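Only one structure is covered here, and it is reproduced in the block below.
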Amino acid sequence: QVQLLESGGRLVQAGGPVRLSCAASGRTFSSYAMGWFRQAPRMEREFVAAIGRWDALTQYADSVKGRFTISRDNAKNTVYLQMNSLKPEDTAVYYCAAAGAGWGVRTSYDYWGQGTQVTVSA
């Protein structure tokens with residue numbers, strides 16, 4: 001069982017940065033691939049970024065490539081999403097998720113956090 005808690009969401013002006021954190025419970029954090037997803041109002045949840053178990057592999061949605069960076073610190077049981085050059089269309093609830101098998105956009109994620117709101121004003 002893994003519990004995930006996101007933090008760092010806030011209101012930001014377009015062009016500004018936000019750094020999200022996701023703290024995981026348990027001692028087996030490094031055995032999970034991690035991902036970030038987002039859901040805007042009246043939209044389906046979409047993949048944002050993923051990272052492998054030891055930070056060697058990362059994957060991004062085309063819409064965030066070059067602007068967002070996913071990273072993890074296994075010693076702190078935490079995964080991060082650094083978001084730069086934010087746009088109003090990045091406004092959404094951002095969720096982190098943990099996958100026990102596989103990794104990336106096509107894998108099935110087993111655990112989800114409650115989400116943190118990011119709002120980008122024009």
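A quick note: this is a predicted structure, and the numbers were derived from the prediction, not measured.
- Counting non-hydrogen atoms of other residues, nucleotides and ligands closer than 6.0 Å to CD of Gln13 gives a total of 12 or fewer.
- Contact detail for Gly115 and Val93: the closest heavy-atom pair is CA-CG1, 3.8 Å.
- Among pairs with a residue in residues 11-122, those fulfilling disulfide (SG to SG under 2.5 Å) read Cys22-Cys96, at least two apart in sequence or across chains.
- Atom OH of residue Tyr94 and atom OG of residue Ser7 lie 15.0 Å apart, to the nearest 0.5 angstrom.
- Tyr60 pairs with exactly one of Ile70, Val48, Val105 by the side chain to side chain contact (heavy atoms under 4.5 Å, CB included) rule, that one being Ile70.
- The structure places CZ of Phe29 at 6.5 Å from OG1 of Thr78, a figure rounded to the nearest 0.5 Å.
- For the pair Ser25 (side chain) and Gln3 (backbone), a donor-acceptor distance under 3.5 Å is present.
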Begin with the C-alpha distance, continue with both residues' side-chain angles, and end with the deciding distance and a verdict on side-chain contact (heavy atoms from CB on, under 4.5 Å) for Val18 and Arg10. CA-CA 8 Å; Val18 170; Arg10 64 183 179 91; 3.8 Å; yes
Walk me through whether Arg67 and Asp90 qualify under side-chain contact (heavy atoms from CB on, under 4.5 Å). CA-CA 11 Å; Arg67 299 188 299 123; Asp90 294 317; 2.7 Å; yes
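- Between Phe37 and Phe47, the two ring planes are perpendicular [angle over 60°; tilted spans 30° to 60°].
- Here the OG1 atom belonging to Thr58 is positioned 14.5 Å from the CZ atom belonging to Phe68, to the nearest 0.5 angstrom.
- Taking CZ from Arg72 and OG from Ser21, the interatomic distance works out to 13.5 Å, rounded to the nearest 0.5 Å.
- Not counting sequence neighbours, Arg53 has no partner by the side chain to side chain donor-acceptor pair (under 3.5 Å) test.
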Evaluate the criterion side-chain contact (heavy atoms from CB on, under 4.5 Å) for residue pair Tyr95 and Leu4; output intermediate values, then yes/no. CA-CA 9 Å; Tyr95 300 89; Leu4 303 172; over 6 Å; no
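- Scanning all heavy atoms of the two residues, the minimum distance from Ala14 to Ala122 falls at CB-CA, 4.4 Å.
- Using a 4.5 Å heavy-atom threshold, the side chains of Leu81 and Arg38 count as separate.
- The two residues Ala33 and Gly102 come nearest to each other via the heavy atoms CB-O, 3.4 Å.
- The hydrophobic cluster containing Trp36 also contains Val118, counting ILVMFWY residues as joined when their side-chain heavy atoms lie under 4.5 angstrom apart, directly or transitively.
- Of the possible donor and acceptor atoms, one in the side chain of Thr91 sits under 3.5 Å from a partner among the backbone N and O of Val120.
- Counting only residues at least two apart or in different chains, side chain to side chain donor-acceptor pair (under 3.5 Å) contacts with residues 103-118 comprise Gln117-Thr119.
- By the 4.0 Å N-to-carboxylate-O rule, Asp62 lies close enough to Lys65 to be salt-bridged with it.
- Of all the heavy atoms in Met83 and Leu86, the pair that sits closest is CB-CD2, 3.9 Å.
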